[in-house]
Protein chains: 2
Amino acid sequence: MRQVTIKALARELRLSVSTISKALRDSHEISDATKRRVLELAARLNYSPNPYASSLRGRKSRNIAIVIPEVADSFFSLAINGITSVTKEKGYHSIICLTHEDYKDEQDILKAFHNGRVDGVLISVSGTTESGAHIRGLMDQGVPVVLFDRVLPDVPAPKVVTDDAASARNATQLLLDHGCRRIAFLGLSPQLSISADRLAGYEAALRENHYQPKAKDILSCGAGQQQNLLAIKKLLRQKDRPDGIVAAVEKLAPLVYQACNELSLRIPEDVKLICFSSLEIAGILQPSLSTVTQPAFEMGAKAAGLLMKLMAGKRAEMEVVVSAELTERVSSG
Amino acid sequence: MRQVTIKALARELRLSVSTISKALRDSHEISDATKRRVLELAARLNYSPNPYASSLRGRKSRNIAIVIPEVADSFFSLAINGITSVTKEKGYHSIICLTHEDYKDEQDILKAFHNGRVDGVLISVSGTTESGAHIRGLMDQGVPVVLFDRVLPDVPAPKVVTDDAASARNATQLLLDHGCRRIAFLGLSPQLSISADRLAGYEAALRENHYQPKAKDILSCGAGQQQNLLAIKKLLRQKDRPDGIVAAVEKLAPLVYQACNELSLRIPEDVKLICFSSLEIAGILQPSLSTVTQPAFEMGAKAAGLLMKLMAGKRAEMEVVVSAELTERVSSG
DNA sequence: GTGAAAGCGCTAACAA
DNA sequence: TTGTTAGCGCTTTCAC
């Protein structure tokens with residue numbers, strides 16, 4: 001790691017390191033002539049400041065962390081783009097950290113931020129996260145945190161979320177309008193905000209239509225897609241099986257397609273389906289998938305904006321709620 | 001950023017900072033009793049070493065970079081998991097950097113590594129990358145680099161690739177065996193190794209079967225999915241349209257489905273399709289998608305392993321070629 | 001077995 | 001306008 005340092009530039013130009021440092025940061029106390037000489041040499045030698053020295057000295061890293069369950073999900077990959085679109089502009093690096101839906105991993109990741117590695121954290125919690133203590137612990141160290149999409153009620157940090165309950169209510173109502181009489185709900189672990197809120201919306205719609213939500217129509221799916229598939233097939237094999245499904249997360253839709261295929265059930269004739277999904281190819285599935293689509297990019301950008309505010313010592317709104325868009329395609333009709 | 005530092009521990013225990021440091025690193029010069037006291041206090045105060053100080057002092061960051069075009073692609077998301085499975089174990093952090101298929105972005109990212117920010121780089125180049133100069137420039141600074149999947153011939157670094165030409169040849173042969181007489185090839189920019197190699201395999205298969213590859217049957221797709229769709233539709237609207245398609249990257253498959261839908265062409269009756277893809281849901285698409293699947297996780301893990309070797313100052317194989325798996329489903333038949 | 005001190009590269013008071 | 005100096009938190013000689 002033979003580096004070009006400020007000291008090297010100083011020696012070369014017979015100037016002091018502080019003069020170089022100031023020139024590089026375009027300080028007004030340095031003459032234009034000197035600045036030019038310094039900048040020219042720096043460019044020629046491909047000088048690049050050592051980020052660790054700057055961070056150590058300045059006690060800030062200009063890094064922020066994006067802590068998410070996984071990356072193989074359209075919502076998160078779009079949200080990442082939204083986040084980086086604002087952080088980049090502000091001169092911050094974004095470090096993507098994956099929890100793989102594991103509470104322990106998430107705790108370990110946040111614990112590793114107790115030392116100034118990042119100046120702020122954007123997080124969407126894992127499906128197995130049981131409490132917000134680890135996030136509060138980080139905040140107690142003075143690290144600004146913003147939650148997005150999958151939030152936790154017991155964390156006093158700004159949150160960017162979708163109107164999950166209303167969206168799920170609309171989605172369920174759509175299936176009811178199309179004649180469904182028994183609708184199942186596929187969620188993730190019930191302690192997850194998005195899962196709970198979407199479930200609440202689903203139940204509200206049922207009640208509004210004088211149906212009683214039944215526990216056996218409500219599935220909590222986990223990380224194992226094989227097991228999830230089995231559970232869905234079991235659900236659809238009952239004699240009085242559901243004729244409609246509201247799926248709360250993207251990765252469950254393909255499983256419903258597969259289960260129906262294997263059980264020779266037709267979508268939408270036998271089972272109608274609508275799914276929360278940012279999948280670009282929803283319209284290309286056969287039959288095309290009706291979706292509730294969150295504005296993923298915007299949510300990421302908004303969350304990053306709030307974090308920037310927080311890091312600048314300013315106050316930020318504690319809750320931003322954005323609307324999801326319901327797109328009716330073939331699977332629900 | 002009120003931090004627990006070594007100095008704080010030293011003050012608390014009335015020991016010197018160097019003793020604390022040694023105790024924390026389990027040095028043999030420190031008594032067991034002292035070690036225990038130090039470790040106990042460190043745990044109690046939630047001490048976490050400042051990574052910037054360590055990196056500055058030790059002139060190594062224990063960070064590696066994963067530089068890839070995008071994350072919304074099954075191959076890359078799986079490869080990331082493969083990479084982190086080995087880096088994590090070795091105590092390295094992985095920083096994911098997205099080039100968005102942009103050469104300039106890729107250059108900027110690598111340039112930012114000329115200062116010790118990372119100890120090594122894993123890279124799969126963007127579709128618009130024109131030369132390996134920026135990578136060689138980084139290597140000249142002494143930063144170890146390993147390329148995977150999308151490699152560059154003019155970079156003297158270890159590479160982990162799939163047997164692209166052979167796989168494409170087999171895929172093309174499969175379509176020929178199923179009666180295709182005019183097969184199109186959808187690739188990315190021709191300067192991309194995977195695109196060029198897969199194209200070569202496709203052409204070889206055609207020639208072996210006494211067909212002459214035709215330029216107008218070979219499409220170079222870019223970053224814009226809308227334009228790609230248009231190009232595919234134009235291809236399929238010809239009177240003497242192709243009756244088979246070999247698609248070189250995952251994101252092109254949905255476009256072919258959509259184009260066929262819009263043009264009322266049936267897959268596989270009118271157009272047979274096989275695609276390089278690590279998509280988990282390939283089997284659930286309608287019709288199910290025949291695929292050439294690369295061992296993405298393993299490739300990531302292997303590449304990371306080579307990088308670890310390089311960073312340890314050891315020599316590493318210059319080329320590792322792994323086999324892709326052809327899975328025949330409905331779309332090709 | 002423990003401690004003092006130097007220095008990684010950079011920035012910012014303060015001096016000149 | 002430029003230079004001197006101290007110090008960010010840590011590791012590592014070298015001395016005791």
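Letters A, B, ... are given to chains in the order of the sequence lines, protein chains preceding strands, and every chain is numbered from 1. Computed from heavy atoms alone, side chains included, the values below leave out hydrogens, waters and symmetry copies.
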Notebook entry, point to check: Are A:D26 and A:K35 ion-paired here, with the side-chain N under 4.0 Å from a carboxylate O?
Noted result: yes

Item checked: Integer-rounded Å distance: D:dT4 P and A:K7 NZ -> 14 Å

Check: Roughly, in whole Å, what's the span from CZ in A:R11 to P in C:dG9?
Finding: 10 Å

Notebook entry, point to check: Does A:K60 reach the main-chain N or O of A:L56 with its side chain, forming a donor-acceptor pair under 3.5 Å?
Noted result: no

Notebook entry, point to check: Below 4.0 angstrom from OP1 or OP2 of D:dT5, is there any side-chain N or O of A:S18?
Noted result: no

Notebook entry, point to check: Taking OP1 and OP2 of C:dT11, is either one under 4.0 Å from a side-chain nitrogen or oxygen of A:S21?
Noted result: yes

Next item on the list: Nearest whole angstrom, please: distance from the P of C:dG9 to the CG of A:L56.
Entry: 12 Å

Check: Do A:H134 and A:Y103 have ring centres separated by under 6.0 Å?
Finding: yes

Margin query: Please report the distance, rounded to the nearest Å, between CG in A:N115 and P in D:dC10.
Written below: 9 Å

Item checked: DNA chain C: 5'-proximal contact among B:V17 and B:A53 (nearest heavy atom) -> B:V17

Item checked: Euclidean distance, atom CD1 of residue B:I30 to atom P of C:dT2 [Å, nearest integer] -> 5 Å

Next item on the list: Send over the distance from B:R62 CZ to D:dC10 P, rounded to a whole Å.
Entry: 17 Å

Check: Which part of the nucleic acid, if any, lies within contact of A:T34, taking any heavy atom under 4.0 Å across all strands shown: a base, the sugar-phosphate backbone alone, or nothing?
Finding: sugar-phosphate

Next item on the list: Would you indicate, yes or no, if D:dG9 has its OP1 or OP2 atom less than 4.0 angstrom from a side-chain nitrogen or oxygen of A:R59?
Entry: yes

Check: Counting only distance, no hydrogens or angles, is the base of C:dG1 paired donor-acceptor with the side chain of B:S31 under 3.5 Å?
Finding: no

Check: Is a donor-acceptor pair below 3.5 Å formed from side chain B:S16 to base C:dA4, judging by atom type as modelled?
Finding: no

Check: When only distance counts, do a donor and an acceptor, one from the side chain of B:K22 and one from the base of C:dG3, lie under 3.5 Å apart?
Finding: yes

Margin query: Looking at B:P49, is its backbone amide N or carbonyl O close enough to the side chain of A:N115 to form a donor-acceptor pair, meaning the two atoms are under 3.5 Å apart?
Written below: yes

Checklist line | Rounded interatomic separation in angstrom, taking CG from A:N50 and P from C:dG7 | finding: 18 Å

Next item on the list: Kindly say if A:R25 contacts the phosphate of C:dT11, meaning a side-chain N or O under 4.0 Å from OP1 or OP2.
Entry: yes

Notebook entry, point to check: Is a salt bridge present between A:K88 and B:D105, judged by a nitrogen-to-oxygen distance below 4.0 Å?
Noted result: yes

Check: Tell me: CD1 of B:I6 to P of C:dA4, nearest whole Å?
Finding: 15 Å

Check: OP1 or OP2 of C:dC10 less than 4.0 angstrom from a side-chain nitrogen or oxygen of A:Y47, does that happen here?
Finding: yes

